[in-house]
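Single-structure report; data block below.
Only a predicted model underlies this, so the values are computations on that prediction, with no experimental measurement involved.
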Amino acid sequence: MSRTHAEWKQLATMLHIESRLFIDGHYTHASDGRTFECLNPATNTKLTDVGWAGEAEVDAAVAAARQAFESGTWSALPPLKRGRILKRFAALIREHVDELALLETLDMGKPIGDSTTVDVPGAAYCVEWYAEAIDKVGGEVAPVDPKLVGLVTREAIGVVAAVVPWNFPILMASWKFGPALAAGNAVIVKPSEKSPLTAIRLAGLAKQAGIPDGIFQVLPGAGDVGRALALHNGVDCIAFTGSTAVGKLIAGYAAQSNLKRVWLELGGKSPNIILEDCADLAKAARTAAGAIYYNMGEMCTAGSRVLVQRSIKERFLAEFSKAARQYFPGDPLDPATSMGAIVDKIQFDKVLSYIDQGQNEGAGLICGGRATLADTHGYFIEPTAFDCPRPDMTTCREEIFGPVLSVITFDKVEEAIRIANDTEYGLAAAVWTANVSTAHQVSRRLRAGTVWVNCYDEGGDMNLPFGGFKQSGNGRDKSLHALEKYTELKSTLIKL
Ligand code: NAP
Ligand code: MG
């Protein structure tokens, strides 16, 4: 049901916010009573105090997960039955779409129109997709010596910790726990301290759906909780989405402890290449604006570098400036808002300092460039774009994770490919051209986990693997390939 701005504001005042940890089937306070403040970045007011898991809670959750996993209450269920319970979980997420969307919007500042149509339904769809898939994937019979039978099977890995970021809190969590649960594992979710509320609420829904105690647990807290999980000898696999810097630490923690499996979905600085034979420049410009301003630019796949061919640059920029205006920030609770608040003061200051740096290094401001809506006390920044004379400027190289685009001009396609690949990242890329040969030739040479042709951020369905080349990570979320992360391969040889 679509609601008005006034209705969402009213609902927000009546919302019950669960803020405790969820361990072994129960909501609980941290044993030392420690909490952290959870703020609404659109108003800079406190929503609640959230329980902060300490070492005792990490140990308790890992022990409960191990016990639940080994008991077989989940891992030994026929896949069809696990799938049915997960489908109930997905249905419950859908039934609670307004509540979950409101929690997400209040907690991290994204527009309610997006939380209700993208984030929460996307999480339900992900859980449902793996629920439906899991009884359809089997093993292999290897072509061995006829005196033997060689079976190749996949087994759940055990205790999986999922450490997730704040930009798409419920969605990024579901991309981990969806396949991990379907494969039969016990999962511990560590949400970001900037946006813990939907993960906490999901735990209660998981229990209601029939997921056994100890199989789905949530440990809110800061980076220390993620670190404790990554260092824990009782955790078999850590699935992480976040920054490349923290991803490297996680890999180190695994190496220092039990060599747990490490899967990393990290940052990006994705190039969006507009060639002069692009068939619809206005559409390319509108899409380029969405690619950087959707979700306040707080997207790992943000099209944060537009590479535009010189002959069409002026026309492109005129169309782009028009499109950027559609993203002017507003109250995240207003269904008409297309851009909300930056997640917190730290990120807000970081984005503004990148904007300063762009200007100091000589980039020309195409639009935006300032904080706005100061009377709200929230953290709003105008959709901003720079015309960058050189591709080695700071705003062209570093992941800003905010609504700041760098436009780089090139002459020859070869030059565009070189600039596009000249980055430590390799998450996504796009190319706009009307020539099918050029589309294939360029996309083949782009070093990125996803390449879009004449579109950006398409492919919201679960069928395509998602992840990065180079320092954008390893392994893939989504699709059947994600199941590979949460299972071990076993070869069984039977002598006849
Ligand atoms: P982050 O700072 O790396 O944090 C990610 C998670 O790790 C949070 O839960 C965080 O907890 C936790 N953490 C922080 N320090 C830790 C440590 N030393 N050990 C273990 N865990 C630790 O990233 P973020 O700022 O939340 O998210 C933005 C980043 O995520 C961007 O780089 C973006 O590109 C990337 N991202 C990638 C994808 C993808 O699929 N490739 C998707 C979305 C986002 P606290 O927040 O509580 O400190
Ligand atoms: Mg918050």
Side-chain angles (χ1 to χ4, degrees), residues 11-12 14-41 46-54 56-58 60-62 64-65 89-90 92-110 115 119-120 123-124 126-127 160-178 180-181 186-209 211 213-226 228-229 241 343-344:
L11 270 184
M14 300 169 356
L15 186 67
H16 167 75
I17 300 180
E18 178 55 71
S19 59
R20 291 171 294 172
L21 295 57
F22 191 83
I23 298 176
D24 204 10
H26 303 282
Y27 283 110
T28 173
H29 294 286
S31 51
D32 61 1
R34 200 146 77 114
T35 59
F36 61 91
E37 279 194 347
C38 179
L39 299 176
N40 175 353
K46 184 162 98 173
L47 293 163
T48 186
D49 291 304
V50 174
W52 189 332
E57 287 74 35
V58 171
V62 173
F89 186 21
L92 283 168
I93 295 173
R94 284 210 181 86
E95 275 170 40
H96 291 78
V97 58
D98 281 358
E99 179 193 351
L100 289 164
L102 199 49
L103 286 171
E104 200 84 313
T105 285
L106 292 172
D107 202 358
M108 66 73 65
K110 70 170 66 201
S115 306
D119 300 72
V120 180
C126 172
V127 174
V160 174
V163 177
V164 292
W166 47 262
N167 61 336
F168 291 94
I170 193 172
L171 197 60
M172 292 301 102
S174 74
W175 286 9
K176 309 294 187 204
F177 70 70
L181 287 174
V187 180
I188 301 169
V189 178
K190 203 305 268 183
S192 168
E193 97 237 46
K194 299 177 201 235
S195 61
L197 299 181
T198 45
I200 294 173
R201 180 67 184 98
L202 280 183
L205 296 179
K207 176 157 176 137
Q208 198 181 329
I211 294 178
D213 293 354
I215 294 295
F216 186 90
Q217 306 181 88
V218 178
L219 294 181
D224 58 333
V225 181
L229 287 165
T241 296
V343 72
D344 69 356

I'd like to know if the side chain of Gln217 and the backbone of Ile23 have a donor-acceptor N/O pair within less than 3.5 Å. no
Rounded distance (nearest 0.5 Å) linking atom [atom1] of [X] with atom [atom2] of [Y]:
X: Leu219; Y: Lys190; atom1: CG; atom2: NZ; value: 9.5 Å
X: Asn40; Y: Thr48; atom1: CG; atom2: OG1; value: 12.5 Å
X: Asp98; Y: Leu15; atom1: CG; atom2: CG; value: 10.5 Å
X: Phe22; Y: Arg201; atom1: CZ; atom2: CZ; value: 10.5 Å
X: Ile17; Y: Leu47; atom1: CD1; atom2: CG; value: 5.0 Å
X: Trp52; Y: Ser19; atom1: CH2; atom2: OG; value: 14.5 Å

List for me each residue that meets side-chain hydrogen bond (donor to acceptor under 3.5 Å, both in side chains) alongside [X], sequence neighbours excluded, and say none if there are none.
X: Thr198; value: Glu104
X: Lys110; value: Asp119, Asn295
X: Asp49; value: Lys46

Quick check: closest heavy atoms across [X] and [Y], and the distance to 0.1 Å?
X: Val225; Y: Gly221; answer: CG2-CA, 3.7 Å
X: Leu181; Y: Phe216; answer: CD1-CD1, 3.8 Å
X: Arg94; Y: Ala124; answer: CG-CB, 3.6 Å
X: Val343; Y: Pro41; answer: O-CB, 3.0 Å
X: Arg34; Y: Ala30; answer: O-CB, 3.9 Å
X: Pro220; Y: Gly51; answer: CG-O, 3.3 Å

Quick note, salt bridge (charged side-chain N to carboxylate O under 4.0 Å, His left out) partners involving residues 167-177, not counting sequence neighbours, are Lys176-Asp477
For a quick test of your reading: what N or O donor-acceptor pairs under 3.5 Å do the side chains of residues 164-174 make, sequence neighbours left out?
residue : atom : partner : partner atom : Å
Asn167  : ND2  : Glu298  : O            : 3.2
Ser174  : OG   : Leu171  : O            : 2.8

Extract all donor-acceptor atom pairs below 3.5 Å that involve side chains of residues 202-209 and protein atoms in other chains or at least two apart in sequence.
residue : atom : partner : partner atom : Å
Lys207  : NZ   : Gly25   : O            : 3.0
Lys207  : NZ   : Asp213  : OD1          : 3.3

Given the rule in the side-chain contact (heavy atoms from CB on, under 4.5 Å) test, do Leu39 and Asp344 qualify, once you have shown the distances and angles that lead to the verdict? CA-CA 8 Å; Leu39 299 176; Asp344 69 356; over 6 Å; no
Heavy-atom distance under 4.5 Å between the side chains of Pro196 and Asp107, does that happen here? yes
When you look at Val160 and Phe177, which way does the side-chain contact (heavy atoms from CB on, under 4.5 Å) test go after all the steps? CA-CA 9 Å; Val160 174; Phe177 70 70; over 6 Å; no
